Amino acid sequence: MNDTLSAVLKTLNERQYQAVTHNPEIPLQILAGPGSGKTKVLTSRVAYLVQEHKLRPSDICAVTFTNKAASEMRERLNLLIGEEQTKKLRLGTFHALCARFLRQWGKTIGLTDRFTICDADESKKIITNLLKAYDGQLKARRLTLQPGEVLSSISNAKAKGLSSADLFAQAENDIHQIIAELYASYTEALKKMNALDFDDLLVYGVRLYDKEPTLAAWCQHVLVDEFQDTNSMQYRLMLQLAAIHRCVSVVGDPDQSIYGWRAADVGNISAMQKNFTDCKQIMLEHNYRSTGAILGASIAIVSQDTSRIQKSLVTDHAQGTKPALLTFAIEQTEANFIAKEIKRLVACSGGMLTWKDFAILLRFNALSRTLEAALQKESIPNRVLAGHKFFERLEIKDILAYLQLIDNPNYVPAFSRAINVPSRSIGEKTIAAVLEAAASREKSPMELLEGIYEGRYPDVKPAVKGKIREFIPLHQQLRTMATEGGAVPDLIRHIITATRYEDHLRKTQPDWDTRWENVQELINYAQQFDQDPEDIVELPSVEGEDGAQETPLRLFLQASMLSTDTESDDDRNKDTNKVVLSTCHAAKGLEWPVVFVPGVEQGIFPFYRNDDVAEERRLLYVACTRAQAFLYVSYCSKRMTAGEIKDRTISDFISKIPADQKKVFDKAAPIVGPKCIEEVAKVLRRDPPDTDIVEKATKEFGSFAPPRENLLDPNANMYKNTIRGPGSHLAFSSSQPATFQPARMAGIASIANPYPTPSSSQPPPPSQSQIQPQTPHPLMAWASNKPKSSSGPKKFRPMPSSSQPPAGATATLSTFQSTSIDSLKAMKNLGAAETAGSPDMVALGRGAGTKRLGMGFSSGGYKPPSKRAKQE
DNA sequence: ACTTTACCCGTTTTT
DNA sequence: CGGGTAAAGT
Ligand SMILES: Nc1ncnc2c1ncn2[C@@H]1O[C@H](COP(=O)(O)OP(=O)(O)OP(=O)(O)O)[C@@H](O)[C@H]1O
C-alpha cells in the first residue's frame, strides 16, 4: 500500500475504516447521513481494492451520480493510486458507462457502434412532430397533450423497463393509449436515425447483459454512490454487472433521495438486501462537514417526515453560528441582502472566505435571475451551475450538428439543422422532401443529398441541388478529415471557416460576440479529447468481432451529450473563484462554507406542482446540509410570479417545525467577529485570518446599521410608502403591505437606529453622524422563541416570531432597549466586538458611515446584468 | 423561406 | 415580465 492511501486510511474513523477494508466478497451497504464521508469511503475503498486486494483497475466499475462527481472521484484517485491506474477504472455515471458498453458490444443486440445520443431537446422535437398526427384526434375529444408530458411518460416507462406494448396494455384512457402509440413511433424514429436517448442507454445496457451475461465477466467489483437515487433499470444493471463475481459496495442515504420524479426508488436499498442475503450494513454517524447548529436545523426539517427512520448523526465540530431564518418584502430585497451579506462575510472573515465559498441553492433555475442581477450589481463574480445549458445554445448545437452528421449521417436532427446553417434557403418543405426521398431509397439523408449533388439521383421537388454546392463538399471534407484521425478542434475550425460561421453569427444574432466566444470555448473543450488512443483501455472484445472504436470524435460527441458543463480539468483551477448559483438538485454531494437557500416559501418549497411533499422536504434537507459554517434560509412575503406580484408565505417545512425545536433558527443574520471567525476556521480546517484584519472589518461593517430605507430600490417606488406603522410585528400577515426588513429589525435595527419608532410613521433617516456605533447582543432574548400560541390562529404566522415580543408584553421601545442595553453589558464582559449583519448593510469597503448606498448605486462599478443566453 | 407582430401562457428538478 | 408560438406580412 502506498503512503498516500495509508495516510488517508489513518484519518478515517473506526466505522469508516471498517467500511473501506470490509471483505470485498461480502456485499456492502454504507448507509449514512450527509457529510459522514460516504463518498470519501467509497473512493478509498476503490483505492484499497486496487492496492491491497490487487484488483486490476480495469476490473472495477465505480458508478457516480453525475459526471462531475465522476471527475471529482477521478481526481481524488489520481492522488491515491496514481493516474496510470485511475484512468483504467470503469468510472462514470450509469449512462456514460452504458454508452461505453454499447459502443463495444452493441452489435450483440443489433446496435451499430455509430449511434448518436439524442438529447432531451431533440427528443422533444421528435415527439412534437409525431404529436401533430394526433392533433385532430385530440381536438375532437377535447383533450390536450404536451410533448413534455409525453416525453416524461415515456422516460418514466423506460426507467421502469416498460415497453410501449406494456404501456399500451395498461392504458386506462385515450391519453394513455396515445402516449403508448407515441412511445412506439418515437422508438421507431430513433431507431431509423440510429439514435439512443438517455433512457435508452440504460434500457439497451440492460438488454445487452440480459442477452449476454458473460459480458460482465470482467467486473470484479461494482461500487455505486448515491444509491438511494438509482432507478430500477440502474439497479438491474448493477445486478447484472455483479452477477458473476457478486462483489458490490454501495453508499446512500434514504433521507437524501430526491429523484423520485425520475423513477428513482429508495426501495432498491431493501431490494438489495433481498438479492444479497449476506449483505452487510455499516452506518456512519459522524458528520465531518457542518457545525452542530446547521446539522440541528437540518435534522429539525427532515424529522417532520413521520415515515422516516430516525438515525443518529453527530458532528465533531462546535455548535457554531445558528442558521438564519430571514424574511424579506420581495425577491429583489432578498437578493440584495444576499449579495451584501456575502461581501460582509468576505470582509469580516479577513479574506479567509472568498467568493467560491458561497453557494446560493434554489428550488429551480428560474429563481436565479434576481440573484444574478443582485450579485452583478455588487460586482460579485458568480456562475450558474445549470445542467448542460452550454450545449443547448444555438451556436454550439450548430457546430455539433455538423460533427454528428459525420459520425452518423442518419441522424435527422443534426441533418435538418446543419443543412440550413448558414441559411441556404432550405426550409421545412425541402427538408421533408429530402427525408422522404431518402426513406424511399433506403438511404441516409446525407447519402441522398450527396447523390443529388453528384447527379446520381434526381433533385427533389423544391429544388435543393443548387443550394448545397458548399454544404456537400464541406461534409465530405470533414468526413475525410475524421477518418484520417483529424483532431476534433481541427474539425470544428474547418467548419467555422468553411461556413464563415462568425459572419453568420454577426448577421443573425444580436449577441453574436458572446456566442462566438462560446464557439471558441467549444474548441477549447474539444482539446481534451485528443488523447493518445493508446490511453484508451478497451473493454474485452467479443470473440470474432472487432471491438468498436472509440474515436476522439465519438468520445467528444458523447461527452457533449452526457456532460453537464464544460468545466474541463484546466478550467477547474483557474477562474472559478465565483459564487455558485445552483439548484438544490445539482448541489447534491457538494459542500460550501456558506449556503443561502432563498425562496423557502409555500409553492416553491414544496413546489406547488409536486405531490411528493416528503421528497420536497428532503430536498430542502439536502440543501441545508451542504453548508459547513453558515446557513441562511429565507423567504419573501411577496414575489413576482407569472407576471404578477403575489403574496407568499413561509414554507411549511419551516413553520411546522415543532415549537420546542423552533430555536434551531435565528431570526436574524448572524453575528460575526473574531471569535466566530476563529470557530469557522476550525470547521473549515483553514488557517484563521489575522485578528486585526477581522476586527477592523468587523468595525467597518458592524458598527452601525443604516436605517432600513436604504434597502429600498429607488426604482421600486411602489413600496416606498408602505413601510409599516405601529403593528410592525404583524406586518407580514398577508393582508398587509410589504415591509422590508428581515426579522432582525426588532433587535438590531432598533438598536442602531436612533429612531426605532414602532409607532406611527417612519422618521426621516438620520444623518450618518447620528448613528451610534453599537453592538448587539449575540443572544437576543426573544430572537429564538416561538410566538405564544395563544396570540394567534393555529396557522403559523408568516411574521417571524423574533420581531414579536412575548405575548402579554407590550411591544414598546423600552422592551427593545432594555434588551439592547443588557446586550451591551454582556458584550463587554465577553470582550468581543461581534457584529451582526443587517440587510441594510452598506457596500463593502466603504468606511463606516462615509457613504450610504441605495440600490443601483453600487460602489463596485455597475455592470448591466448580462443578457441571458438564448438557447436553441 | 424568412421576418415581424400579436397574443398567450405560466414558471421544476436531470442523466 | 418574458419566452414561445401562431398568424400575419415581405
Ligand atoms: N474521517 C474524516 N476526517 C476528516 N474529514 C472527513 C472524514 N470523513 C469525511 N470527511 C470530510 O467530510 C466532508 C464530507 O464528506 P463526503 O462528501 O464524503 O460525505 P458524504 O457522506 O458523501 O456526504 P453527502 O451525503 O452529503 O454526499 C468532506 O469534506 C470530507 O473530506
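All chains are named by letter (A, B, ...) in the order of the sequence lines, taking the proteins before the strands, and each is independently numbered beginning at 1. Atom set for the values below is all heavy atoms of this structure, side chains included, hydrogens, waters and symmetry mates excluded. Computed from a predicted structure; not experimentally measured.
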- Query: Base, sugar-phosphate, or nothing for A/Phe605, non-hydrogen atoms under 4.0 angstrom?
  - Reply: nothing
- Query: Nearest-Å distance, NZ (A/Lys132) to C1' (C/dA6)?
  - Reply: 12 Å
- Under 5.5 Å between ring centres and under 30° between planes: does that hold for A/Phe198 against the base of B/dT15? yes
- With A/Lys158, which of A/Asp197, A/Thr187, A/Asp199, A/Asn231 fulfils side chain to side chain donor-acceptor pair (under 3.5 Å)? A/Asp197
- Task: Output the distance between atom CZ (A/Phe415) and atom CG (A/Leu448), rounded to the nearest 0.5 Å.
- Result: 8.0 Å
- Message: Side chain of A/Ser425 only, heavy atoms from C-beta on: which candidate in B/dA1, B/dT15, B/dT13 is closest?
- Response: B/dA1
- Task: Calculate the interatomic distance between A/Lys125 atom NZ and C/dG4 atom P; express it in whole Å.
- Result: 12 Å
- A/Asn67 side chain, from C-beta outward: closest of B/dT15, B/dT13, B/dC2: B/dT15
- Query: Reckon A/Gly643 touches a base, only the sugar-phosphate, or nothing at all at heavy-atom distances under 4.0 Å?
  - Reply: base
- Using the salt bridge (charged side-chain N to carboxylate O under 4.0 Å, His left out) rule, collect all pairs that involve residues 412-430 of chain A, keeping only residues at least two apart or in two chains. A/Asp398-A/Arg417
- Task: Can you figure out which of C/dG3, B/dT15, B/dT13 approaches the side chain of A/Phe364 most closely?
- Result: B/dT13
- Can you check the A/Leu385 CG to B/dT15 P distance for me, whole Å? 10 Å
- Message: From C-beta outward on A/Asn420, which listed nucleotide comes closest to its side chain: B/dT12, B/dC2, B/dT15?
- Response: B/dC2
- Electrostatic pair A/Lys465-A/Asp459, nearest N-O below 4.0 angstrom: no
- Item | Spacing between A/Glu392 atom CD and C/dG3 atom P, to the nearest angstrom | 15 Å
- A/Tyr186 versus A/Ser164, side-chain donor and acceptor atoms under 3.5 Å: no
- Counting side-chain heavy atoms from C-beta on, which of B/dC2, B/dG10, B/dT13 comes nearest to A/Trp261? B/dT13
- Item | d(CD, A/Gln146; C1', C/dT5) in whole Å | 12 Å
- Rounded interatomic separation in angstrom, taking CG from A/Asn365 and C1' from C/dG3: 16 Å
- Task: Return yes if the base of B/dT12 and the side-chain atoms of A/Arg609 contain a donor-acceptor N/O pair under 3.5 Å, otherwise no.
- Result: no
- Task: Report the residue (A/Met640 or A/Ser423) whose heavy-atom-nearest nucleotide on DNA chain B is the more 5′ of the two.
- Result: A/Ser423
- Which nucleotide in B/dT14, B/dA1, B/dG10 has an atom nearest any side-chain atom of A/Ala586: B/dT14
- Message: Please confirm whether the shortest side-chain N or O distance from A/Ser563 to OP1 or OP2 of B/dT15 is below 4.0 Å.
- Response: no
- Message: With rounding to the nearest 0.5 angstrom, report the CG to CG distance, A/Leu237 to A/Leu97.
- Response: 8.0 Å
- Message: Any base atoms under 4.0 Å from A/Glu644, or only sugar-phosphate, or nothing? Heavy atoms, all strands.
- Response: nothing
- Note on the structure: Ranking A/Phe607 and A/Asp199 by the position along DNA chain B of their nearest nucleotide, the one closer to 5' is A/Phe607
- Rounded distance (Å) that lies between atom P of B/dT14 and atom CD of A/Glu226: 14 Å
- Whole-Å distance between B/dT15 C1' and A/Phe390 CZ? 19 Å
- Determine the contact category for A/Tyr259: base if any of its heavy atoms lies under 4.0 Å from a base atom, sugar-phosphate if only primed atoms, P, OP1 or OP2 are that close, otherwise nothing. sugar-phosphate
